[in-house]
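Everything below concerns the one structure shown next.
Both backbone and side-chain heavy atoms feed into the values below; hydrogens, waters and symmetry mates do not. Quick caveat, the model's predicted, so the values are computed rather than measured.
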Amino acid sequence: MLLIPAIDLKDGQCVRLRQGDLDDATVFSTDPAAQAQHWLDLGARRLHLVDLNGAVAGKPRNEASIRAIVKAVGDDIPVQIGGGIRDLDTIERYLDFGIRYVIIGTAAVKNPGFLQDACSAFPGSVIVGLDAKDGKVATDGWSKLTGQNVVDLARKFEDYGCESIIYTDIGRDGMLSGVNIEATVRLANSVRIPVIASGGVTDLSDIEALCAVEQEGVSGVILGRSIYEGTLDFAAAQDLADEWQP
């Protein structure tokens with residue numbers, strides 16, 4: 001099980017949002033590169049970055065901090081980035097300066113042709129982010145619920161050549177209310193590519209629950225508020241994942 005610390009960037013700082021609300025942000029670090037190094041030192045094997053300002057603006061807005069993070073971790077672990085990725089030039093620039101994976105979310109739902117082009121141009125480097133509530137996909141920073149079924153859309157995007165899917169249950173993200181295991185497994189069982197869980201992780205019991213379904217296709221989990229507020233000890237969680245025996 002891949003445990004992926006999240007670094008959400010707003011105005012050059014590392015923050016966490018509650019249910020995606022930019023006005024409900026808690027600042028956890030004013031030095032994102034140092035925060036990245038901290039997770040690397042604790043044994044992280046990948047980092048998850050989100051350009052929150054970029055997600056709103058539709059173009060990168062925290063590039064200086066992103067570059068600093070990539071420089072800090074070097075080639076030690078891969079870095080993935082989402083937020084405001086709307087064109088192939090942005091993807092190319094990110095990959096050129098060391099980002100390993102780009103995450104396309106709202107743009108994939110609104111413009112599937114762009115996602116298909118990105119997967120063709122940068123094979124193996126494109127992750128699709130699907131945010132859903134009650135099985136229906138949400139877009140625009142979760143502000144709009146579509147009528148599209150998340151499983152149907154996942155299967156379509158899998159055919160485009162996406163490397164994996166990040167699935168966020170938006171009713172639980174940032175709420176420390178537990179992972180929606182059932183919905184995550186349902187999605188993982190519906191596709192052949194890996195599914196990375198996101199949203200709701202609280203403590204080691206959630207890591208245990210996720211490890212128990214790893215064979216169902218749930219390959220990893222993104223960790224946010226729990227590791228910043230201390231309800232989950234990242235190093236202990238990584239040890240548990242490494243030692244897990246079904």
Distance-only donor-acceptor pairs under 3.5 Å for side chains of residues 145-152, two or more places apart:
unit_1 : atom_1 : unit_2 : atom_2 : d
T146   : OG1    : V137   : O      : 2.8
T146   : OG1    : Q148   : N      : 3.1
N149   : OD1    : V151   : N      : 2.9
N149   : OD1    : D152   : N      : 3.2

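The aromatic rings of Y94 and F97 lie perpendicular to each other, with more than 60° between the two planes, well past the 30° mark. Between Y228 and F28, the two ring planes are tilted [angle within 30° to 60°].
Between S120 and D117, the side chains place no donor N or O within less than 3.5 Å of an acceptor N or O (distance only, hydrogens not considered). Between the side chains of T139 and T106, no donor-acceptor pair is found at a separation under 3.5 Å. Judged purely by distance below 3.5 Å, without hydrogens or angles, the side chains of R46 and Q80 pair a donor atom with an acceptor atom.
Linking ILVMFWY residues whenever their side-chain heavy atoms come closer than 4.5 Å, directly or via other members, places L232 and L47 in the same cluster. Following chains of ILVMFWY side-chain contacts shorter than 4.5 Å, one can reach V128 starting from V79, so the two form part of one hydrophobic cluster. Hydrophobic clustering of Ile, Leu, Val, Met, Phe, Trp and Tyr side chains at less than 4.5 Å, counting indirect connections, keeps F157 apart from I103.
Atom CG of residue L3 and atom SG of residue C211 lie 7.0 Å apart, to the nearest 0.5 angstrom.
Contact annotation: the side chain of P60 never approaches that of I66 to less than 4.5 Å [non-hydrogen atoms, C-beta and beyond]. I81 has its side chain out of reach of V50: every pair of non-hydrogen atoms, C-beta onward, lies at least 4.5 Å apart. Side-chain contact between R225 and T26 is present, with heavy atoms from C-beta onward closer than 4.5 Å. Between D31 and Q13 the shortest side-chain heavy-atom distance does not fall below 4.5 Å. Inter-residue side-chain proximity for V102 and F122 is flagged as unmet; no heavy-atom pair is nearer than 4.5 Å. Contact check for Q238 versus L42: no side-chain heavy atoms found under the 4.5 Å cut-off. Inter-residue side-chain proximity for L2 and I196 is flagged as unmet; no heavy-atom pair is nearer than 4.5 Å. Two residues are said to be in side-chain contact when any heavy atoms from C-beta on lie closer than 4.5 Å; I207 and L223 meet this criterion.
Ion pairing of D8 with R16 is present here, as a side-chain N (NZ or NE/NH1/NH2) and a carboxylate O approach within less than 4.0 Å. Using a 4.0 Å cut-off between a side-chain N of Lys or Arg and a carboxylate O of Asp or Glu, D242 and R45 qualify as a salt bridge.
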